[in-house]
Structures are given as C-alpha cells and as structure tokens.
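Lettering of chains follows the sequences in order, A, B, ..., and the numbering in each one begins at 1. Side chains are part of it too, since the values below use all heavy atoms of this structure and drop only hydrogens, waters and symmetry mates.
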Amino acid sequence: MPELPEAEVAAAQLRTGTVGARVRECWVGRSDIVREGYQTLSWYQASRIEAVQRHGKSVVLSFSRGGETRFLVAELGMTGLLLFHSAPARYPQHTHFVMHLTECREPELRYWNPRRFGRLYLLDASGLERYLRRRFGYEPLTMTRQEFTKLMASCRGRLKALLMHQQKIAGIGNIYANEILFRAGLHPSRVASRVKPDTINRLYDVIRDVLLEAVEFGGSSVRDYFAPDGTPGTYRLFHRVYGKAGAPCPNRCGATVRRVMEERSSFICPTCQPRSGRRQ
DNA sequence: AGCTCTTCCTGAAAGC
DNA sequence: TGCTTTCAGGAAGAGC
C-alpha cells in the first residue's frame with residue numbers, strides 16, 4: 001500500500017527513467033480509470049515529460065507541448081503501482097494505462113491497480129492547483145515545527161486520525177502512522193490537542209525520521225508493492241509494530257505487541273503507548 | 001469539527 | 001481438497 005515513502009521512491013525512479021521523454025502513444029484500458037480530463041488525452045501525444053513530483057501519496061508528472069504545460073496525477077490508492085516495461089506485473093489484466101515513450105531510458109510507463117482505489121487525473125495548471133489545494137495539507141517533510149504545533153493544538157480528534165488525515169498532513173497512511181506512534185510512545189487514541197509541547201516536539205522529529213528512513217530503504221513492500229523498476233522496498237524489515245501482533249515489544253518492556261481495532265487496525269505496545277499522557 | 005457508515009474493488013485468507 | 005464467504009483498506013461523501 002503505497003504511502004509517502006513508496007510514492008517518493010516511485011517519483012524518483014520516474015524522474016531518472018522518463019524525464020525528457022517524448023510521448024509516442026497513450027493506451028487506456030478502461031476509461032473510468034481516468035477520473036478527470038479524459039477528453040484531453042490526445043494532447044499528451046507528442047508532448048514531453050518535464051518533471052516528476054510527489055504530493056502526499058500521489059505522483060504528478062508534468063508534460064509540455066507547444067509552450068503549454070499539462071499534468072498527469074497518479075493516485076496509487078491501496079494497490080496502485082507505476083511500473084516500467086521491465087517490471088513484471090503479476091496480473092496483467094490490471095494494467096489500466098500505458099504510456100509509450102521515446103528519447104529516454106524507459107520505453108514504457110504503466111499504471112497497474114487491481115483494486116482500483118485510486119485513479120488518474122489529466123489536468124491543466126489550474127486543475128492541478130485545485131486538486132492539490134483540495135486534497136493535501138502540510139507535507140510532513142517540509143512543514144515547520146511551528147506549523148505542526150499549531151495543527152496539533154487545533155485538532156480535537158484522535159492522534160492517529162490526524163496523522164492519516166490527508167487534508168491536514170499529506171502522505172501518512174496506516175503503516176507509517178503505526179510506526180510513528182510506537183516510536184513516539186503515543187497511543188493512537190490520544191487527543192491531539194492535549195499532547196504536551198515536549199511530546200509534540202518528539203512526535204515531529206519521529207515523523208521525519210520514520211519517513212526519511214523508509215525512503216532510504218526504498219519503502220515498505222507489504223503484499224504487492226514494488227518500485228517502478230520491479231524492486232521491492234526493504235523498510236518492512238525495520239517495522240517495529242506494524243503487522244507484528246504477538247511479538248515481544250521491541251523496546252524490551254516485556255509486553256506483547258497487540259492489534260487493536262481503533263482508528264483502523266492499529267498495532268501498539270500497551271505499555272509503551274499508554275492511553276494517558278504518562279510514559280512508563 | 002469530527003465521528004460513523006457506506007461505497008468502491010478484488011485477491012487472499014478464513015470457513016466449511 | 002475445493003468451493004464459498006468474508007474481509008481488508010484509502011478516500012470521498014452523506015448524515016448526524
């Protein structure tokens with residue numbers, strides 16, 4: 001399930017593999033995979049890929065043709081992948097979009113998504129601006145400590161809900177929310193606005209640390225995630241609690257990691273992540 | 001504002 | 001063994 005680190009890794013590979021490319025042809029398997037701008041598809045033919053960026057969990061490609069710029073936004077959802085020609089797709093029937101490229105390293109860019117949670121958007125500059133504004137809050141790697149502190153103070157909901165609320169902080173999903181909260185020693189159901197300043201500082205650092213480490217290791221390959229070149233991410237090996245119900249707490253506190261159905265499925269150490277503010 | 005419920009979708013896991 | 005049922009899970013939208 002691609003979250004920020006996986007989208008970041010995908011964007012980085014697309015940058016090296018496809019920037020500068022000339023689009024030879026676009027193929028769409030099922031038109032409903034393009035949620036917006038399907039009628040502009042022909043514009044992209046003969047355009048050039050100028051840049052690739054990540055916003056939240058989405059990957060955004062910029063194309064230019066005749067002085068005009070348009071964009072392709074790929075939402076990866078739970079099971080979506082961007083893949084190069086060389087990467088094997090286990091269920092080829094779930095490839096919904098293919099861009100054939102020339103004048104770059106990769107001859108083909110595919111969008112693969114078996115469950116189809118997540119779509120593609122073909123947008124112009126104002127469309128992209130609206131898309132980003134409506135969907136994404138702070139980028140966790142660029143928000144300041146002050147911005148995060150304000151956000152925490154203004155949010156009376158639960159901490160894990162805030163971390164995963166894309167319009168507030170963009171890019172964190174269930175895996176990384178669990179890992180972040182464990183490392184910060186915070187229970188997912190703590191009320192965000194009641195967290196003390198010292199703890200907010202610690203949480204701010206942990207968010208960055210976890211996400212940057214995950215990027216460094218190529219993201220987490222849980223189930224079917226692969227980078228565009230087909231390689232899996234290895235950060236899963238460093239998960240401390242996600243998917244580890246029944247294992248001893250990595251802090252060696254003696255307790256056992258538990259899976260609880262609070263704020264989606266959460267993996268917590270009941271000792272190291274107490275409901276009250278006091279750390280043991 | 002924020003919580004819950006529903007919808008989307010299909011492979012995998014559980015159940016029989 | 002093999003068929004059937006259940007179930008995650010990100011995000012949007014409705015309703016409260």
Exercise. A:Thr79 side chain N/O closer than 4.0 Å to the phosphate oxygens (OP1, OP2) of B:dC9?
Worked result: no

Problem set entry | From A:Ile268 atom CD1 to A:Glu262 atom CD, the distance as rounded to the nearest 0.5 Å | 6.5 Å

Seminar exercise, completed: note: A:Arg116, atom CZ; B:dG11, atom P; distance rounded to Å ~ 10 Å

Problem set entry | Euclidean distance, A:Leu181 CG relative to A:Arg240 CZ, rounded to 0.5 Å | 13.5 Å

Exercise. Just how far, in rounded Å, is P of B:dC9 from NE2 of A:His96?
Worked result: 10 Å

Problem set entry | Proximity to the side chain of A:Lys57 - top-ranked nucleotide from C:dA11, B:dG2, B:dC3 | C:dA11

Problem set entry | Parallel, tilted or perpendicular: rings of A:Phe217 and A:Phe238 (30°, 60°) | tilted

Problem set entry | Spacing between A:Arg30 atom CZ and B:dC9 atom P, to the nearest angstrom | 7 Å

Exercise. How close or far is atom P of B:dC3 from atom NE2 of A:His165, stated in whole angstroms?
Worked result: 9 Å

For this session: Please indicate whether A:His100 has more than 12 foreign heavy atoms, meaning atoms of other residues, nucleotides or ligands, lying under 6.0 Å from its NE2.
Result: yes

For this session: Would you mind telling me which of B:dC9, B:dG11, C:dA8 lies closest to the side-chain atoms of A:Arg259?
Result: C:dA8

For this session: Return the nearest nucleotide to the side chain of A:Arg264; candidates are B:dT4, C:dG10, B:dG2.
Result: C:dG10

Exercise. Can you check the A:Leu159 CG to B:dG2 P distance for me, whole Å?
Worked result: 13 Å

Exercise. C:dG13, C:dG9, B:dT10: which one has an atom nearest the side-chain heavy atoms of A:His94?
Worked result: B:dT10

Problem set entry | Atom pair distance, as rounded to whole Å: CE in A:Met164 and C1' in C:dA11 | 11 Å

Exercise. Just checking A:Tyr242: base, sugar-phosphate only, or nothing, at a heavy-atom cut-off of under 4.0 Å?
Worked result: sugar-phosphate

Exercise. Is any side-chain nitrogen or oxygen of A:Tyr91 closer than 4.0 Å to OP1 or OP2 of B:dC9?
Worked result: no

Exercise. Under the 3.5 Å rule, do the base of C:dA12 and the side chain of A:Arg135 count as making a donor-acceptor pair?
Worked result: no

Exercise. From the list B:dC3, B:dC9, B:dG2, which nucleotide is the closest neighbour of the side chain of A:Arg119?
Worked result: B:dC9

Exercise. Could you state the CG-P distance from A:Asn178 to C:dA8, rounded to the nearest angstrom?
Worked result: 15 Å

Exercise. Reckon A:Gln166 touches a base, only the sugar-phosphate, or nothing at all at heavy-atom distances under 4.0 Å?
Worked result: sugar-phosphate

Problem set entry | Which nucleotide in B:dG2, C:dA11, C:dG10 has an atom nearest any side-chain atom of A:Phe117 | C:dG10

For this session: Could you say whether A:Arg134 or A:Met78 is positioned toward the 5' end of DNA chain C, judged by the nucleotide with the nearest heavy atom to each?
Result: A:Met78

Exercise. Which part of the nucleic acid does A:Gly157 contact within heavy-atom distance under 4.0 Å: base, sugar-phosphate only, or nothing?
Worked result: sugar-phosphate

Problem set entry | Length of the line joining A:Leu4:CG and C:dA11:C1', which is rounded to integer Å | 17 Å

For this session: Look at A:Arg110 together with A:Glu108 and state whether they make a salt bridge at an N to O cut-off of under 4.0 Å.
Result: yes

Problem set entry | Ionic contact status for A:Glu75 with A:Arg35, cut-off 4.0 Å | no

